[in-house]
Visitor: 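Below you'll find the structure I mean.
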There are 2 protein chains.
Amino acid sequence: MHTKPPNHALANTRAAILDLAERLLQEKGYNAFSYKDISSPLGIKNAAVHYHFPTKTALGVATLRRYRERFQEYIQGFEQSDADPLMKLNGYIAIQIDHLRNGYRICPLGILEAEYNTIPSELRAEAQALEKEIWFWVRGTLAAGREQNIFHFMGTSEDKACLISAALQGALQMARTAGQSAFFAIVRQLKRDLGLKE
Amino acid sequence: MHTKPPNHALANTRAAILDLAERLLQEKGYNAFSYKDISSPLGIKNAAVHYHFPTKTALGVATLRRYRERFQEYIQGFEQSDADPLMKLNGYIAIQIDHLRNGYRICPLGILEAEYNTIPSELRAEAQALEKEIWFWVRGTLAAGREQNIFHFMGTSEDKACLISAALQGALQMARTAGQSAFFAIVRQLKRDLGLKE
DNA sequence: TCTCTAACTTACTTATAAGTAAGTAGGTAG
DNA sequence: CTACCTACTTACTTATAAGTAAGTTAGAGA
């Protein structure tokens with residue numbers, strides 16, 4: 001049975017590496033974490049990380065890809081439960097709040113865009129893909145919400161989706177210097193600007 | 001005459017270092033540029049940069065301080081010319097457009113916040129100061145604009161100022177993956193959400 | 001003219017990064 | 001029981017980072 005997974009620690013170690021990489025990426029950035037930052041906390045050696053992810057680029061790509069997959073599953077969940085546009089928007093905001101409360105993390109997209117000129121092209125491609133996926137879904141959610149008279153705004157849902165995703169990305173970053181209250185001020189205002197009552 | 005500045009290249013070199021540091025900071029981030037990235041293009045040696053700025057922290061702080069001073073002079077210019085709130089807002093946006101067109105730079109605040117957990121505390125303090133200065137001025141501009149019936153928005157000018165500065169910060173970053181059009185989409189939408197016609 | 005100093009260069013040090021080659025332990029398949 | 005493979009470790013290499021100590025040079029001041 002060659003399809004049977006080996007009962008070693010592979011899956012665990014690999015997942016643990018990705019968990020840590022994701023956290024380090026959101027907390028410190030791609031350039032600012034090293035293999036040692038991953039291996040030491042896990043009690044393994046540097047080369048063990050290289051075994052699972054030969055290069056840092058590969059590690060970064062795998063981390064981003066998993067993040068994107070989770071995001072897709074998350075929004076798939078809304079489709080299957082017939083969530084209304086407001087619930088979807090709140091779901092998107094909830095992801096950001098989760099990042100905020102979990103050690104002032106920022107959106108992986110934010111860090112990759114900030115470091116854009118210094119990261120490998122494979123990672124840039126991942127960032128572009130994530131960016132598109134978020135924007136596309138937010139855009140659809142806004143359009144549906146307006147049609148159902150839940151959201152009220154001027155202009156196109158394309159533009160509004162750009163604004164909202166950029167604002168939330170900036171909000172998480174701003175929270176680092178200005179505190180969590182700045183983040184919630186932005187969420188509050190975004191909702192007001194959608195004609196939602198508080 | 002001990003107050004007379006030496007006619008060496010000091011002022012030029014020092015300013016040239018700061019110019020390059022500022023550009024590298026906005027293009028690649030604080031962690032991703034080295035003394036060599038500064039010395040080689042200027043045709044000087046590594047240690048020459050250390051002569052002017054003993055540590056990278058000192059260089060970073062000086063760069064940020066100069067940026068803040070320029071920002072203060074810029075907004076002072078508006079006060080002296082009795083610019084109306086819309087002109088002020090457009091002036092603020094013009095800074096961002098300038099960054100965008102000048103090699104997809106992002107706001108120094110954006111990069112420092114993204115790298116926040118990895119930078120020295122002195123730099124964090126500079127980031128906080130810049131953040132406060134921008135927010136304070138935007139807040140005042142929005143409040144005045146609303147009083148003069150130029151801007152129209154719900155909620156407090158505090159919240160709206162947070163949203164606008166975060167959105168523009170995010171907009172510059174987003175332009176790197178989504179192109180300049182994403183930036184202008186956000187500006188367009190921000191203006192619509194202030195009740196301004198296009 | 002002599003001296004001092006600002007603005008450097010030369011030549012290092014120390015630390016840390018990513019990455020690799022070769023070995024090993026323990027379970028698995030035949 | 002043997003051969004093999006997965007998941008590692010050990011022990012390196014190479015590159016680059018920030019930072020420093022000791023020189024060098026050109027011009028200004030006395």
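Chain letters run A, B, ... following the sequence lines, proteins first and then strands; every chain starts at 1.
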Visitor: Using whole Å, what does the distance between atom P of nucleotide D:dC8 and atom CG of A:Leu42 come to?
Guide: 10 Å
Visitor: Would you list the pairs meeting salt bridge (Lys or Arg N to Asp or Glu O under 4.0 Å) in which at least one residue belongs to residues 78-88 of chain A, sequence neighbours left out?
Guide: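 Counting only pairs at least two positions apart or across chains, the salt bridge (Lys or Arg N to Asp or Glu O under 4.0 Å) contacts touching residues 78-88 of chain A are A:Glu79-A:Lys88.
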Visitor: Using a cut-off of less than 4.0 Å, is there contact between a side-chain N or O of B:His52 and OP1 or OP2 of C:dA6?
Guide: no
Visitor: Please enumerate all residues that pass side chain to side chain donor-acceptor pair (under 3.5 Å) together with A:Asn117, with sequence neighbours excluded.
Guide: none
Visitor: Under 4.0 Å between a side-chain N/O of A:Thr13 and OP1 or OP2 of D:dC8, yes or no?
Guide: yes
Visitor: Please name all residues satisfying side chain to side chain donor-acceptor pair (under 3.5 Å) with B:Ser39, sequence neighbours left out, ordered by chain then number.
Guide: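 Listed in chain order: nothing, the list is empty.
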Visitor: Starting at atom NZ of B:Lys45, determine the distance to atom P of C:dA11, rounded to an integer number of angstrom.
Guide: 10 Å
Visitor: State, with a plain yes or no, whether a side-chain heavy atom of A:Ser165 is found less than 4.5 Å away from one of B:Met174.
Guide: yes
Visitor: Which residue pairs pass the salt bridge (Lys or Arg N to Asp or Glu O under 4.0 Å) test with at least one member in residues 136-153 of chain B, sequence neighbours excluded?
Guide: B:Arg139-B:Glu158
Visitor: Could you run down the sub-3.5 Å N/O contacts of the protein with nucleotides 16-20 of chain C?
Guide:
unit_1 : atom_1 : unit_2  : atom_2 : d
C:dA17 : OP1    : A:Ser34 : OG     : 3.3
C:dA18 : OP1    : A:Phe33 : O      : 3.4
C:dA18 : OP1    : A:Lys56 : NZ     : 3.3
C:dA18 : OP2    : A:Tyr35 : N      : 2.8
C:dG19 : OP2    : A:Lys56 : N      : 2.7
C:dG19 : N7     : A:His50 : NE2    : 3.4

Visitor: For B:Glu126, what residues pass the side chain to side chain donor-acceptor pair (under 3.5 Å) criterion, not counting sequence neighbours?
Guide: B:Arg65, B:Arg68
